[in-house]
A.B. asks: 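Mind having a look at this structure? Questions to follow.
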Amino acid sequence: MAEPRKPHAPKKDAGPELGEFSDRLKNLSDRIAAEKVEQAGTQKPSENFQAATAYSKGYRLASEFVAGVLVGGLLGYGLDWLLGTLPLFLIVLLLFGFAAGILNMSRAANRSQPTAEELKKMTPPRADDEEED
Amino acid sequence: MANDPIHQFQIKDLAGPVNIGGYDISFTNSALFMGIAVASITAFLWYASRKQALVPDRTQSVGELWYGMIHSMVKNVLHEEGMKFFPLVFSLFSFVLVANMLGMFPYFFTVTSHVVVTAALAVFVVGLVVVVGIWKHGLGWFKLFVPSGVPIVILPFISLIEIISFLSRPISLGLRLFGNMLAGHIVLKVFSGFVVSLVALGIGGIVGAIAPLAMAVALTALEFLVAFLQAFVFAILTCVYLNDALHTHH
């Protein structure tokens with residue numbers, strides 16, 4: 001969103017001091033007006049915060065995936081511990097944990113896109129959901 | 001051992017053991033630094049806002065930046081209706097940020113390098129998400145785990161995956177902060193330890209120590225970045241999760 005800064009307008013020849021100053025003043029107020037219009041248009045001043053850096057993004061994706069696998073494995077191990085069927089649920093839920101990790105990751109990756117647009121398009125939850133269960 | 005990289009994370013009892021009901025609630029160095037973090041946040045923000053000048057001085061504008069950054073972030077993610085969570089998000093961010101930054105001082109204890117602390121914060125946030133979701137949508141909030149438009153045959157599997165995915169939120173939230181702080185401090189300590197051991201070897205060692213010294217300097221800068229970034233990521237994810245609770249979209 002950074003607007004390319006225009007270089008100073010070349011000094012007019014034969015311009016008295018005051019003329020140059022008022023030129024610069026006009027130039028500045030034009031730029032401020034343009035900036036304001038742009039700000040109002042996008043309404044997202046801190047986009048760069050959401051993007052943060054590539055480092056944190058990468059670390060985030062990795063940790064989302066690891067967390068999914070960990071939770072799956074722990075749930076499986078806990079179920080096995082309760083039921084005494086050691087390798088069974090550990091293996092099954094570990095696989096589900098992988099799936100959940102991938103899901104987490106894809107959601108985290110999608111989330112780093114701007115959300116304001118998405119929220120505007122989003123419809124409120126439907127009242128006529130089919131009641132199957 | 002002098003340069004044991006784990007030694008810095010040891011919990012020490014400062015005032016003698018206190019036991020209540022079988023729980024050890026002694027005043028430790030971790031508790032001390034949590035207290036220091038809270039006290040310094042309060043003192044700084046009070047000091048920054050004492051004048052409330054129209055044209056802020058330096059301290060006041062730091063306070064305003066701090067406040068304004070989180071304010072605009074909460075507004076972006078949660079919009080107007082979510083502004084009631086702003087005090088919570090601001091407190092969380094400030095605590096994590098100051099605890100991280102305090103950890104950057106030599107000989108100071110890093111509160112956030114213990115998984116107990118970060119996991120407690122993360123479980124609190126996700127617990128709040130559940131409470132807000134149920135308060136806002138009633139039991140219909142649990143439809144989050146039952147996405148619409150999925151064939152009934154694979155619905156149980158999808159639900160299980162969704163549940164695991166939801167349960168992994170506090171883990172990833174807490175683990176990320178903890179892992180970043182722990183790993184960063186260990187790496188910093190290891191490189192600094194290289195310098196000390198190499199210098200002890202003599203003149204050749206001193207020349208050899210230049211590389212790890214440069215690395216330690218660079219890592220210190222990186223750690224400051226990470227300390228800020230992780231606090232910010234924690235705050236922004238809190239907002240994102242709360243937003244999910246306010247608008248269930250499945």
Side-chain angles (χ1 to χ4, degrees), chain A residues 43-47 49-57 59-76 92-108 111-112 114-116 118-133, chain B residues 68-73 75-79 122 137 140-144 146 148-150 152 155 157-180 183 222 225-226 228-230 232-233 235-237 239-241 243-244 246-250:
Chain A
Q43 202 56 276
K44 258 191 288 146
S46 60
E47 174 73 24
F49 275 135
Q50 298 199 22
T53 65
Y55 168 80
S56 78
K57 223 175 189 176
Y59 199 92
R60 229 197 106 184
L61 292 184
S63 70
E64 295 280 0
F65 180 67
V66 170
V69 177
L70 258 179
V71 169
L74 281 179
L75 275 183
V92 172
L93 281 178
L94 203 59
L95 292 177
F96 275 105
F98 272 108
I102 299 282
L103 183 72
N104 277 348
M105 238 184 355
S106 69
R107 280 200 182 138
R111 203 178 273 142
S112 47
T115 50
E118 218 174 31
L119 283 172
K120 224 169 274 174
K121 275 189 288 181
M122 210 154 56
T123 51
R126 280 174 303 160
D128 57 338
D129 263 339
E130 58 272 23
E131 306 289 337
E132 292 203 28
D133 40 358
Chain B
M69 184 179 66
I70 301 302
H71 190 272
S72 72
M73 181 199 78
K75 200 161 198 156
N76 274 341
V77 181
L78 285 173
H79 307 291
H137 301 280
W141 180 75
F142 286 103
K143 276 199 190 127
L144 181 72
V146 189
S148 57
V150 176
I152 192 79
L155 193 59
F157 301 107
I158 300 291
S159 289
L160 185 58
I161 290 173
E162 288 280 359
I163 289 171
I164 293 177
S165 163
F166 186 83
L167 288 179
S168 73
R169 277 177 180 186
I171 308 275
S172 75
L173 197 58
L175 221 56
R176 176 170 34 237
L177 178 57
F178 151 75
N180 265 295
L222 181 72
L225 177 75
V226 167
F228 170 76
L229 219 58
Q230 287 307 314
F232 194 76
V233 165
I236 208 166
L237 281 180
C239 285
V240 167
Y241 291 159
N243 188 44
D244 280 359
L246 288 175
H247 317 267
T248 314
H249 47 83
H250 278 292

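Just so we're on the same page: letters track the sequence lines, and every chain starts at 1.
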A.B. asks: Step by step, work out the side chain to side chain contact (heavy atoms under 4.5 Å, CB included) result for B:Asp244 and A:Arg107.
C.D. replies: CA-CA 12 Å; B:Asp244 280 359; A:Arg107 280 200 182 138; over 6 Å; no
A.B. asks: Which residues pass the ring-ring contact (aromatic ring centres under 6.0 Å, His included) test with A:Tyr59, not counting sequence neighbours?
C.D. replies: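 Partners of A:Tyr59 under the ring-ring contact (aromatic ring centres under 6.0 Å, His included) test: none.
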A.B. asks: Pick from B:Ile163, B:Ile161, B:Ile171: which one has the most heavy-atom pairs with chain A under 4.5 Å?
C.D. replies: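 Among B:Ile163, B:Ile161, B:Ile171, the one with the most close pairs to chain A is B:Ile161.
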A.B. asks: Kindly give the heavy-atom pair with the smallest separation between A:Ala100 and B:Ile164, and that separation in Å.
C.D. replies: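 Scanning both residues completely, I find the closest heavy atoms to be CB-CG2, 3.5 Å.
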A.B. asks: Could you tell me which portion of B:Phe166 (side chain, backbone, both or neither) has an atom closer than 4.5 angstrom to a non-hydrogen atom of chain A?
C.D. replies: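 For B:Phe166, no heavy atom lies under 4.5 Å from chain A.
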A.B. asks: Against chain A, label B:Leu160 side chain, backbone, both or neither, depending on which of its atoms sit under 4.5 Å from a heavy atom there.
C.D. replies: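 Just its side chain gets close to chain A.
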A.B. asks: Going by atom types alone, do A:Asn104 and B:Ser168 pair a side-chain donor with an acceptor below 3.5 Å?
C.D. replies: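 Yes, side-chain donor-acceptor contact under 3.5 Å.
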A.B. asks: Using a cut-off of under 4.5 Å on heavy-atom pairs, state which of B:Leu175, B:Val226, B:Asn180 scores highest against chain A.
C.D. replies: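 Going by pairs under 4.5 Å, I would pick B:Asn180.
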